[in-house]
Amino acid sequence: MRRAVLGASVLLALLAACADPPRPFARPSLTVRMGPDDLRFTLAGPDLPAGERAEVSLFGPAGETVTRAGTQAGQVTLRVPSVRAGAVPFEVRVGPHRFEGQVRREPGEPVSPLTLKVGGRAVRVTQPRPPALVLHPTDRHGNVTRRPVTVRMERPDGVTLRRTVPVKHLTAWVFLPPGRVTGLMSVTAVTGGAAGESGEVDLLPGPLSRARPEEAAGRWSEVRDRLGNRVVENEAAVLTAVEDSWNVQVPFTPVAGAATPAVTLPGARVEAEEVPFAER
């Protein structure tokens with residue numbers, strides 16, 4: 001029994017020694033084509049044998065992806081799913097041959113709906129920095145497109161503003177000047193054939209800046225911000241005065257543009273609670 005096993009082993013070794021080694025073949029050509037949702041790598045050559053393993057590796061931010069297929073005599077095409085825009089390095093191997101390179105996909109057309117991100121959905125018209133619109137227009141695969149974006153604003157005073165902004169660093173953004181009048185400002189954006197829902201910014205009055213005393217009535221009227229807009233209801237404010245060498249402060253709550261403090265202070269002045277009147 002042992003001799004039979006030994007004889008079989010020797011026979012297999014002799015057969016392996018007599019078998020033809022893999023025949024080398026000439027380097028095939030490589031063609032790379034870009035499909036709507038994939039990359040197509042075609043190896044072709046009259047000397048390309050059937051049954052060889054062909055392999056494509058793509059190198060992206062998420063790592064390496066590998067696709068394999070067996071060759072047919074003379075040609076093989078490997079289809080690799082790929083929709084990411086930008087440069088993608090690749091490596092193709094078949095038999096002893098190796099190809100390296102990169103392919104670049106441009107973003108497609110922007111698609112609706114565009115998502116508008118407005119920083120500051122409610123802002124004071126007197127604040128120094130206006131709200132900003134930030135937008136990432138994307139194609140159907142989520143790639144940020146490069147088409148410029150047209151932004152349209154309609155302010156509550158009827159003024160309409162338009163501006164075309166480029167897409168830089170995967171973002172289109174612009175400050176939205178609020179003007180001087182309170183109310184609701186609407187913002188829209190379009191790029192290519194894509195549009196989005198209207199964004200809104202509530203333009204609020206600034207802090208209380210001035211008021212007119214009516215000493216006979218014991219109240220204050222024309223309670224407004226520095227642009228002349230009536231302040232919001234229940235704006236936090238105080239009356240300040242000096243009485244018998246004491247600094248006195250009395251809460252002051254305007255309603256409908258007027259207020260009647262609980263205490264009458266001769267020579268008092270009005271101050272917004274968050275920023276003193278003298279700093280405006």
If we ignore hydrogens and angles and just use 3.5 Å, is the side chain of Thr71 paired with the main-chain N or O of Gly51 as donor and acceptor? yes
Hydrophobic clusters here meaning ILVMFWY residues chained together by side-chain heavy-atom distances under 4.5 Å, can you tell me if Val144 and Val149 are in one? yes
Between Glu197 and Leu116, is there a side-chain heavy-atom distance shorter than 4.5 Å? no
Is there a donor-acceptor pair under 3.5 Å between the side chain of Glu233 and the backbone N or O of Ala256? yes
If every non-hydrogen atom of Arg79 is compared with every non-hydrogen atom of Thr67, which pair is closest and at what distance? O-CG2, 4.1 Å
So, taking the atom named OG1 in Thr42 and the one named CG in Leu30, what distance separates them when rounded to the nearest 0.5 Å? 8.0 Å
Quick one: does Asp157's side chain have a donor or acceptor within less than 3.5 Å of a partner on Val181's backbone? no
Give, for atom CZ of Arg155 and atom CZ of Arg180, the distance between the pair rounded to the nearest 0.5 Å. 10.5 Å
Can a donor-acceptor pair be found, under 3.5 Å and without considering hydrogens, that links the side chain of His136 to the backbone of Leu170? yes
OG1-CG distance between Thr145 and Asp139, expressed to the nearest 0.5 angstrom: 7.0 Å
Do Asn247 and Thr240 have side chains that get closer than 4.5 Å, going by heavy atoms? no
Here the pair of heavy atoms bringing Ser186 nearest to Ser198 is CB-OG, 3.6 Å
When rounded to the nearest 0.5 angstrom, what is the spacing between CD in Gln72 and CG in Leu48? 10.0 Å
Would you call Pro156 and Met185 a side-chain contact if the rule is heavy atoms closer than 4.5 Å? yes
Looking at Arg27 and Arg98, would you say the former's side chain and the latter's main chain have a donor-acceptor pair under 3.5 Å? yes
If hydrophobic clusters are built by linking Ile, Leu, Val, Met, Phe, Trp and Tyr wherever their side-chain heavy atoms come under 4.5 Å apart, do Val159 and Leu133 end up in the same one? yes
Quick check on Gln102: does its CD atom have over 12 non-hydrogen neighbours (other residues, nucleotides or ligands) under 6.0 Å away? yes
Sub-4.5 Å side-chain heavy-atom contact between Pro130 and Leu176: no
Tell me whether the count of non-hydrogen atoms from other residues, nucleotides or ligands lying under 6.0 Å of CZ in Arg152 goes above 12. yes
Report the C-alpha distance between Val123 and Leu203 in whole Å, list the side-chain angles of each, state the deciding distance to 0.1 Å, and finish with yes or no for side chain to side chain contact (heavy atoms under 4.5 Å, CB included). CA-CA 5 Å; Val123 298; Leu203 305 179; 3.8 Å; yes
For the pair Val165 and Trp173, evaluate side chain to side chain contact (heavy atoms under 4.5 Å, CB included) and give the outcome as yes or no after the intermediate values. CA-CA 7 Å; Val165 297; Trp173 72 273; over 6 Å; no
Taking every heavy atom of Ser112 against every heavy atom of Ala195, the minimum-distance pair comes out as OG-N, 2.9 Å
Does Thr182 use its side chain to pair, donor to acceptor, with the backbone of Val125 at less than 3.5 Å? no
Side-chain donor or acceptor of His141 paired with backbone N/O of Gly108 under 3.5 Å: no
In terms of heavy-atom contacts, Ala54 and Leu43 come closest through CB-CD1, 4.0 Å
Cluster overlap Val32 with Val94, hydrophobic side-chain contacts below 4.5 Å: yes
Atom pair CZ (Arg147) and OG1 (Thr191), whose distance is rounded to the nearest 0.5 Å: 6.5 Å
Between the main-chain N or O of Pro205 and the side-chain N or O of Arg124, is there a donor-acceptor pair closer than 3.5 Å? yes
For Leu161 and Pro177 the tightest heavy-atom approach is CD2-CG, 4.2 Å
Check for me, please, whether Leu58 and Leu78 land in the same ILVMFWY cluster - side-chain distances under 4.5 Å, paths through other members count. yes
Any idea which heavy atoms bring Arg105 and Val83 closest together, and the distance? CD-O, 3.6 Å
Is Met153 linked to Leu114 within one hydrophobic cluster, defined over Ile, Leu, Val, Met, Phe, Trp and Tyr using a side-chain heavy-atom separation of less than 4.5 Å? yes
Close side-chain approach of Val80 and Asp38, heavy atoms under 4.5 Å: no
When rounded to the nearest 0.5 Å, the distance separating CG of Leu135 from OG1 of Thr115 is 8.0 Å
Ring-ring centroid check Phe99 Phe41, cutoff 6.0 Å: no
Can you tell me if Arg163 has over 12 outside heavy atoms packed within less than 6.0 Å of its CZ? no
May I ask you to decide if Trp246's main-chain N or O and Asp244's side chain share a donor-acceptor pair within less than 3.5 Å? no
